[in-house]
Asker: 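One structure, as structure tokens, below. Some questions next.
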Amino acid sequence: MTLHLHDSAAGAVREFAPLVPGQVGIYVCGATPQGSPHLGHVRAQVAFDVLRRWLLRTGHQVTMVRNVTDVDDKILAKAAEAGVPWWAHAYRFEREFAAAYDALGVLPPTVEPRATGHVPEMVELIARLLERGHAYAAPDGSGDVYFDVRSWPSYGELTHQSLDDMEPAADADPRGKRDPRDFALWKGAKPSEPASASWDTPWGRGRPGWHLECSAMARRYLGPRFDVHGGGLDLRFPHHENEQAQSRAAGDGFANFWLHNHFVTMAGEKMSKSLGNVLGVPHLLREHRAVVLRYYLVSAHYRTALEHSATSLVEAEAAYSRLEGFVRRAAERLGEPATGAAPEQVPDAFAAAMDDDLATPAALAVLHEAVRAGNSALAAGEQEALRSAYRQVRAGLDVLGLDPFSEPWASQAQGSDTARAALDVLVRARLQDRATARAARDFATADAVRDALKDAGIVIEDTPTGARWSLEGEQ
RNA sequence: GGUGGAGUGGCCGAGAGGUUAGGCAGCGGCCUGCAAAGCCGUCCACACGGGUUCGAAUCCCGUCUCCACCUCCA
């Protein structure tokens, strides 16, 4: 089987084939840094990171473009509220988003372009649209330039809507639109807005409309036609619909596949600021390991809503610890180092699941089954079966970005090597005392050692090959 | 009004005509000096009402409920 992906435009799962064999261009909508990232934001990036990792593992070269929309209405509004320059506000949160993505093990994009750095590309795109008769400068002198939806018969094709059935946009300020559904390509500067938030164009000073930057930047880095455009389900309309309309109307083929991830929900409802049910990533990372957050996000299919409750992450911790614990115990038994590149050969069933529109829940089920077999092999002392399970599990986890021996998790788990080594000497001495006591059937002393270590956050497990220790919450 | 999606065991979450999804929690057992970890077993559900079928969570009809987008949104 080859990779099949659900294409929102087609409304169906299609066989995926790169436009250029072996090379895949992906554009993912990144942050509009107006505030802190929440779990939903990172869900999207983790989902497309898994796609990227699977493509890499199956021999593709991937160009991953993730934009930062660093100027928009909300950024200007929030910055004004906070009394800081809009660019300082945007950059502050851009860094928070980057930190959240890094923490969750999302591979850095190939390039991360900012809207503000691509005004010339936008101007060029607007010029093409004007030339082709799909855009017009507002006649009211506002400096706005609009996309003319009536001039583009396929408008609505991405979301399968017809213009006439859409609710007329309750736009507070139509500012000279021909049709209420026309959207701004360029927004003329307003006196109330900072001068630093506008750029010169042939149509006057102003700033980008919301959708324009993605079309301009996708073309700049991926060309007029590219493989995959991804983003959250809520971006389908109007954002993605408008991107596609303006790019195609300008003569670009644009995205071959549209992928949309579903939301993280709480009590069935989308996590969103307006509902006040957001879980901030920085906050969550104080309570849970990042790798557990990632496991949790990968445990549901990217196209279904992921319900979050108070126990979700506790359960994810238990589930991930089972996988991680096996990998560590197996490595110890096999004499494998706790670092280094993961094996590449994933189980066939795992590959089949991934090829089936990135069916991560099924893929994880394969790994859990391999862990069970591996644990049995561990107990039975079957080296070859153990080695096989170990390799399968690590290879699979690596595709999901969850291999405990790969970065960023490997170095996090180990802490400082020198401190760890020192601790190891001390703990081993205590374990030796315990072993002596146990041999003498002095269980009171033996248990006292274990309890003392436990109080210090060091967990002792007896195995057929002797006691092993680990730090709490790390397996 | 338009478009799309969902209701699965205590919880999360797959599946999409017959075969164990998987995980978490619970319970019983094995292992262990006791633990921990692990293994085995158990619980074994598909919103509701009809229908098709030898057989339906999966197909059809109807009903109810919920969610998302159409305004900013991952």
Side-chain angles (χ1 to χ4, degrees), chain A residues 8 11 28-32 34-35 37-48 72-74 77 97 156 159-172 181 210 230-239 241 260-265 267-274 278 295-296 299-323 325-326 329 353 359-369 371-376 378-380 438 441-444 446-447 450-451 454 459-464 467-468 470 475:
Chain A
S8 302
V28 180
C29 282
T32 298
Q34 45 145 322
H38 65 235
L39 198 52
H41 293 124
V42 291
R43 180 182 192 190
Q45 295 308 324
V46 167
F48 296 111
D72 95 316
D73 295 354
K74 284 216 165 161
F97 271 85
T159 49
H160 317 110
Q161 304 178 91
S162 81
L163 263 182
D164 300 311
D165 290 331
M166 288 179 198
E167 274 182 8
D171 196 319
R181 284 149 295 216
W210 173 32
L233 196 53
D234 45 5
L235 294 180
R236 270 187 320 174
F237 194 92
H239 186 51
E241 186 73 69
H260 290 102
N261 63 280
H262 216 303
F263 312 122
V264 177
T265 59
E269 286 183 314
K270 173 185 169 186
M271 186 174 287
S272 73
K273 287 225 171 77
S274 48
V278 292
Y295 177 90
Y296 170 64
S299 71
H301 185 91
Y302 77 93
R303 278 194 296 117
T304 68
L306 172 57
E307 173 70 7
H308 184 274
S309 71
T311 57
S312 295
L313 290 174
V314 175
E315 288 172 15
E317 170 72 50
Y320 181 70
S321 292
R322 174 179 157 75
L323 300 169
F326 166 71
R329 277 178 273 116
T360 53
L364 278 174
V366 172
L367 300 187
H368 272 107
E369 279 167 5
V371 163
R372 184 186 306 120
N375 275 325
S376 294
L378 197 57
R438 288 180 75 204
R441 302 195 68 78
D442 176 6
F443 296 122
D447 290 350
R450 189 173 61 197
D451 291 346
K454 169 92 175 147
V459 182
I460 302 308
E461 291 169 36
D462 289 320
T463 77
R468 69 185 285 266
S470 58
Q475 297 311 304

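The model shown is predicted, which means the values in this text are computed figures rather than measured ones.
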Asker: Assess whether one donor atom and one acceptor atom, taken from the side chain of A:R236 and the base of B:G4, lie less than 3.5 Å apart.
Answerer: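 When only heavy-atom distances are counted, A:R236 does not reach the base of B:G4 through any donor-acceptor pair under 3.5 Å.
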Asker: Can you check the distance between B:U58 and B:G18, where both ends of the measurement are the C1' atom (answer in whole Å)?
Answerer: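 Pairwise C1' distance, B:U58 against B:G18, rounds to 11 Å.
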Asker: Before giving the answer on side chain to side chain contact (heavy atoms under 4.5 Å, CB included), spell out for A:D234 and A:F263 the whole-Å C-alpha distance, their side-chain angles and the decisive distance to 0.1 Å.
Answerer: CA-CA 9 Å; A:D234 45 5; A:F263 312 122; 3.5 Å; yes
Asker: Mind checking whether A:R322 and A:V371 have side chains closer than 4.5 Å, heavy atoms only?
Answerer: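 Yes, side chains in contact.
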Asker: Check every atom of B:G23, B:A74, B:G33 against the side chain of A:R43 and return the nucleotide holding the closest atom.
Answerer: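 Ranking B:G23, B:A74, B:G33 by closest atom to the A:R43 side chain puts B:A74 first.
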Asker: Consider side chain to side chain contact (heavy atoms under 4.5 Å, CB included). Of A:H260, A:H160, A:R303, which one does A:S8 pass it with?
Answerer: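 Exactly one option meets the side chain to side chain contact (heavy atoms under 4.5 Å, CB included) with A:S8, and it is A:H260.
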Asker: From the options B:G23, B:A74, B:A36, select the nucleotide whose nearest atom is closest to the side chain of A:A44.
Answerer: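 The nucleotide sitting nearest to the side chain is B:A74.
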Asker: Please give me the minimum heavy-atom distance between A:V278 and A:M271, naming the atom from each residue.
Answerer: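 Closest pair (atom of A:V278, atom of A:M271, distance): CA-CG, 3.5 Å.
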Asker: Roughly how many Å apart are B:G10 and B:G5, using the C1' atom of each and rounding to a whole number?
Answerer: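 Result for the C1' pair: 26 Å, nearest Å.
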Asker: Roughly, in whole Å, what's the span from CD in A:E241 to P in B:A68?
Answerer: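 Rounded to the whole Å, the gap is 21 Å.
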Asker: Checking only heavy atoms, does the side chain of A:D462 share a donor-acceptor pair with the base of B:C31 at less than 3.5 Å?
Answerer: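 Answer no: no donor N or O sits under 3.5 Å from an acceptor.
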Asker: On a whole-Å scale, what distance lies between the C1' atoms belonging to B:G17 and B:U52?
Answerer: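 Nearest-Å result for B:G17 against B:U52 at atom C1': 12 Å.
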Asker: Under the salt bridge (Lys or Arg N to Asp or Glu O under 4.0 Å) rule, what pairs show up with a residue in residues 304-313 of chain A, not counting sequence neighbours?
Answerer: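 As it turns out, there is no salt bridge (Lys or Arg N to Asp or Glu O under 4.0 Å) pair with a partner in residues 304-313 of chain A once direct neighbours are skipped.
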Asker: Of the listed nucleotides (B:A74, B:G33, B:G23), which one gets closest to any side-chain atom of A:A446?
Answerer: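 So the side chain of A:A446 is nearest to B:G33.
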Asker: I'd like to know whether NZ of A:K273 has more than 12 heavy-atom contacts from other residues, nucleotides or ligands below 6.0 angstrom.
Answerer: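 More than 12 heavy atoms, drawn from other residues, nucleotides or ligands, come within 6.0 Å of this atom.
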Asker: Is A:N375 near enough to B:C39 that one of its side-chain N or O atoms lies under 4.0 angstrom from OP1 or OP2?
Answerer: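 For B:C39, OP1/OP2 do have a side-chain N/O of A:N375 under 4.0 Å.
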Asker: What donor-acceptor contacts under 3.5 angstrom involve side-chain atoms of residues 360-367 of chain A, with partners at least two apart or in another chain?
Answerer:
| from | atom 1 | to | atom 2 | distance (Å) |
| --- | --- | --- | --- | --- |
| A:T360 | OG1 | A:V298 | O | 2.8 |
| A:T360 | OG1 | A:A300 | O | 3.4 |

Asker: Take A:V264 and A:T159, find for each the nucleotide of RNA chain B with the closest heavy atom, and name the residue whose nucleotide sits nearer the 5' end.
Answerer: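 Its nearest nucleotide being more 5', the pick is A:T159.
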Asker: Are OP1 or OP2 of B:A36 and a side-chain N or O of A:K454 less than 4.0 angstrom apart?
Answerer: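 Result: no.
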Asker: What would the secondary structure line of RNA chain B be in dot-bracket form, counting Watson-Crick and G-U wobble pairs under 3.5 Å, with [ ] for pairs that cross earlier ones and | for pairs with another strand?
Answerer: (((((((..(((.....[...))).(((((.......)))))....(((((..]....))))))))))))....
Asker: With nearest nucleotide decided by heavy atoms, which residue, A:R450 or A:V366, maps closer to the 5′ end of RNA chain B?
Answerer: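 Nearer the 5' end of the strand: A:V366.
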Asker: Rounded to whole angstrom, note down the C1' distance from B:G55 over to B:C12.
Answerer: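 Between the two C1' atoms, the distance is 30 Å.
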Asker: Tell me if the side-chain of A:D447 makes a donor-acceptor pair with the base of B:G33, cut-off 3.5 Å, by modelled atom types.
Answerer: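 Donor-acceptor pair under 3.5 Å: yes.
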Asker: Could you please name the option among B:C39, B:A36, B:G38 that lies closest to any side-chain atom of A:R329?
Answerer: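 The nucleotide sitting nearest to the side chain is B:G38.
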Asker: Of all the choices, B:C67, B:G33, B:A21, which nucleotide is nearest to the side chain of A:E369 once you look at every atom?
Answerer: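 Of the candidates, B:A21 comes closest.
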Asker: So if I take every side-chain heavy atom of A:R372 and compare against B:G22, B:G2, B:A74, which nucleotide ends up nearest?
Answerer: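 Looking only at side-chain atoms, A:R372 lies closest to B:G22.
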Asker: Taking B:A68 as the reference, what is the distance to B:C40 when you measure between their P atoms (whole Å, please)?
Answerer: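 After rounding to an integer number of Å, I get 41 Å for this pair.
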Asker: Quick one: A:L233 CG to B:U3 C1', roughly how many Å, whole number?
Answerer: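 Between C1' of B:U3 and CG of A:L233: 12 Å.
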Asker: I'd like to know if A:K74 reaches the base of B:C72 with its side chain, counting only an N/O donor and acceptor under 3.5 Å.
Answerer: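 When only heavy-atom distances are counted, A:K74 does reach the base of B:C72 through a donor-acceptor pair under 3.5 Å.
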Asker: Is any side-chain nitrogen or oxygen of A:H368 closer than 4.0 Å to OP1 or OP2 of B:G22?
Answerer: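 Answer is no, no contact under 4.0 Å.
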Asker: Quote, to the nearest angstrom, the C1' distance that separates B:A21 from B:U8.
Answerer: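 My reading of the C1' atoms in B:A21 and B:U8 gives 12 Å.
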Asker: Quick one: are A:H301 and A:H262 in side-chain contact, heavy atoms under 4.5 Å?
Answerer: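 No. Closest side-chain heavy atoms not under 4.5 Å.
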Asker: What pairs with A:H38 under ring pair (Phe, Tyr, Trp, His ring centres under 6.0 Å), at least two apart in sequence or on another chain?
Answerer: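 Counting only residues at least two positions away or on another chain, A:H38 forms a ring pair (Phe, Tyr, Trp, His ring centres under 6.0 Å) with A:H41.
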Asker: Ignoring the backbone of A:A319, work out which of B:G23, B:C72, B:G33 is nearest its side chain.
Answerer: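 Nucleotide nearest to A:A319's side chain: B:G23.
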Asker: How long is the gap from OG1 on A:T265 to NZ on A:K270, to the nearest 0.5 Å?
Answerer: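 Going from the OG1 atom of A:T265 to the NZ atom of A:K270 covers 12.0 Å.
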Asker: State which residues pass ring pair (Phe, Tyr, Trp, His ring centres under 6.0 Å) with A:Y296; sequence neighbours excluded, sorted by chain then number.
Answerer: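 Counting only residues at least two positions away or on another chain, A:Y296 forms a ring pair (Phe, Tyr, Trp, His ring centres under 6.0 Å) with A:H308.
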Asker: Quote, to the nearest angstrom, the C1' distance that separates B:G26 from B:A74.
Answerer: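 So the two C1' atoms sit 36 Å from each other.
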Asker: What is the separation between atom CG on A:L313 and atom C1' on B:G23, rounded to the nearest whole Å?
Answerer: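 After rounding, the reported distance stands at 14 Å.
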Asker: Does a nitrogen or oxygen in the side chain of A:R441 sit under 4.0 Å from OP1 or OP2 of B:C34?
Answerer: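 No, no such contact exists.
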Asker: Measure from CZ on A:R468 to C1' on B:A36 and round the result to the nearest Å.
Answerer: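 Nearest whole value for this atom pair: 10 Å.
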Asker: Using a 4.0 Å cut-off on protein heavy atoms (strictly under), produce a 5'-to-3' string for nucleotides 8-15 of chain B with B for base contact, S for backbone-only sugar-phosphate contact, and - for none.
Answerer: ---BSSS-
Asker: In whole angstrom, what separates A:E461's CD from B:A35's P?
Answerer: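 In whole Å, B:A35 P and A:E461 CD are 15 Å from each other.
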Asker: Inspect the contact between A:D451 and A:K454 and indicate whether a charged nitrogen and a carboxylate oxygen are less than 4.0 angstrom apart.
Answerer: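 No.
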Asker: Can you measure A:E317 atom CD to B:G23 atom P for me and round it to whole angstrom units?
Answerer: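 Going from A:E317 (CD) to B:G23 (P), I get 17 Å.
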Asker: Quantified in whole Å, what is the C1' atom distance between nucleotide B:A47 and nucleotide B:C30?
Answerer: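 Roughly 41 Å separates the two C1' atoms.
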